[in-house]
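Here's the structure we're looking at; comments come further down.
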Amino acid sequence: FALPREQANTLMVHAPPPQEAADIVRVASVMLVPYCAKPAWCEWRHRDNCPDCGQCEVGDAYRLARERGMRVVTITDFEHLQTTLAELRVAGVRSYVGMCCRHFFIKREYAFREAGIPAVLVDIAGSNCCELQQEDLAYAGKFQAEARLNLEVLLKVMERVTPVTEATN
């Protein structure tokens, strides 16, 4: 991804069976975005979608995915993540790009493993439920602090996504 070491260390790769991160991203057809990165004032914070109003970086992520024909899902709580991953597996999704904090990925790695879908995840910054010891609120979809997406890294990752077309879908 032509990332300096500090930025490369923000990537988490879930690759069953072992695959290169660039290969995973190349065939990604879905992007998962955490609700906690949406502003607290946003009426879409706890909803699966984004109108891309231009007032936050989540809209930028949605735009990057939509430009490549990817499906985008805002994950609204932990159960929604599990349901979404199960649906993606059943639908035969080959891989996805997502965002979450490193703490969440480590603690809930089993959910990603059970889904069995290769993924490249970009670490988020700012206030997160694990650091603030508010995981119960976050898993219930009620966490109020705001995380930040690393758009610089996400943009470099998304440059490697092959646009989804009817033929590749």
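As a basis for the values below, the full set of heavy atoms in this structure was taken, side chains included, without hydrogen atoms, waters or symmetry mates. As the structure is a computational prediction, the values presented were derived from the model and not from experiment.
Counting only heavy atoms from C-beta outward, the side chains of Val33 and Val72 approach each other to under 4.5 Å. By the 4.5 Å heavy-atom criterion applied to side chains, Val73 and Met31 are not counted as neighbours. Using a 4.5 Å heavy-atom cutoff, the side chains of Trp44 and Thr74 are not in contact. Taking the side chain as every heavy atom from C-beta outward, Pro163 and Met70 never approach each other to under 4.5 Å. Side-chain contact check for Val120 versus Leu11: some heavy-atom pair is nearer than 4.5 Å. Between Met99 and Pro34 the shortest side-chain heavy-atom distance falls below 4.5 Å. The side-chain heavy atoms of Gln82 and Leu85, taken from C-beta on, include no pair separated by under 4.5 Å.
Taking CD1 of Ile124 as the start and SG of Cys101 as the end, the distance is 5.0 Å to the nearest 0.5 Å. Expressed to the nearest 0.5 Å, how far OH of Tyr35 lies from CG of Leu81 amounts to 12.0 Å. The distance from the CG atom of Leu121 to the CG atom of Leu32 is 8.0 Å, given to the nearest 0.5 Å. Between atom CG of residue Leu88 and atom CZ of residue Arg94 there is a gap of 14.5 Å, rounded to the nearest 0.5 Å.
By the 30° and 60° cut-offs, the orientation of the rings of Tyr110 relative to Phe78 is perpendicular. The aromatic rings of His14 and Phe112 are tilted relative to each other, their planes meeting at an angle between 30° and 60°.
By the ring-ring contact (aromatic ring centres under 6.0 Å, His included) test, Tyr62 pairs with no residue at all, sequence neighbours left out. Residues satisfying the side chain to side chain contact (heavy atoms under 4.5 Å, CB included) test with Glu87, not counting sequence neighbours, are Arg71, Thr83. Residues satisfying the salt bridge (Lys or Arg N to Asp or Glu O under 4.0 Å) criterion with Asp60, sequence neighbours excluded, are Arg63. Residues satisfying the salt bridge (Lys or Arg N to Asp or Glu O under 4.0 Å) test with Arg113, not counting sequence neighbours, are Glu109. With sequence neighbours left out, the salt bridge (Lys or Arg N to Asp or Glu O under 4.0 Å) criterion links Arg47 to Glu43.
Within a 6.0 Å sphere centred on CD of Glu20, heavy atoms belonging to other residues, nucleotides or ligands number 12 at most.
The heavy-atom pair separating Ala21 from Val13 by the smallest distance is CB-CG2, 3.9 Å. Annotation for Val164 and Ala28: closest pair CG2-O, 4.0 Å, computed over non-hydrogen atoms. Heavy atoms only, all atoms of each residue included: Ala61 and Leu149 are closest at CB-CD1, 3.9 Å. For Ile117 against Tyr96, the heavy-atom pair with the smallest separation is CG2-CD2, 3.7 Å.
Panel note: side chain Ser95, backbone Pro118; no donor-acceptor pair is recorded below 3.5 Å. The backbone N or O of Trp41 lies less than 3.5 Å from no partner atom in the side chain of Arg45, so there is not a single donor-acceptor pair.
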In a table with atom names and distances, give each donor-acceptor pair under 3.5 Å that connects a side chain of residues 150-160 to protein atoms at least two apart or in another chain.
| from | atom 1 | to | atom 2 | distance (Å) |
| --- | --- | --- | --- | --- |
| Asn150 | OD1 | Val153 | N | 3.2 |
| Glu152 | OE1 | Gln7 | NE2 | 3.4 |
| Glu152 | OE2 | Gln7 | NE2 | 3.1 |

### Stepwise side chain to side chain contact (heavy atoms under 4.5 Å, CB included) check, Asp77 with His80
CA-CA 5 Å; Asp77 59 35; His80 183 225; 3.3 Å; yes
### Task
Could you walk me through whether Val27 and Thr162 pass the side chain to side chain contact (heavy atoms under 4.5 Å, CB included) test, one step at a time?
CA-CA 6 Å; Val27 297; Thr162 302; 5.9 Å; no
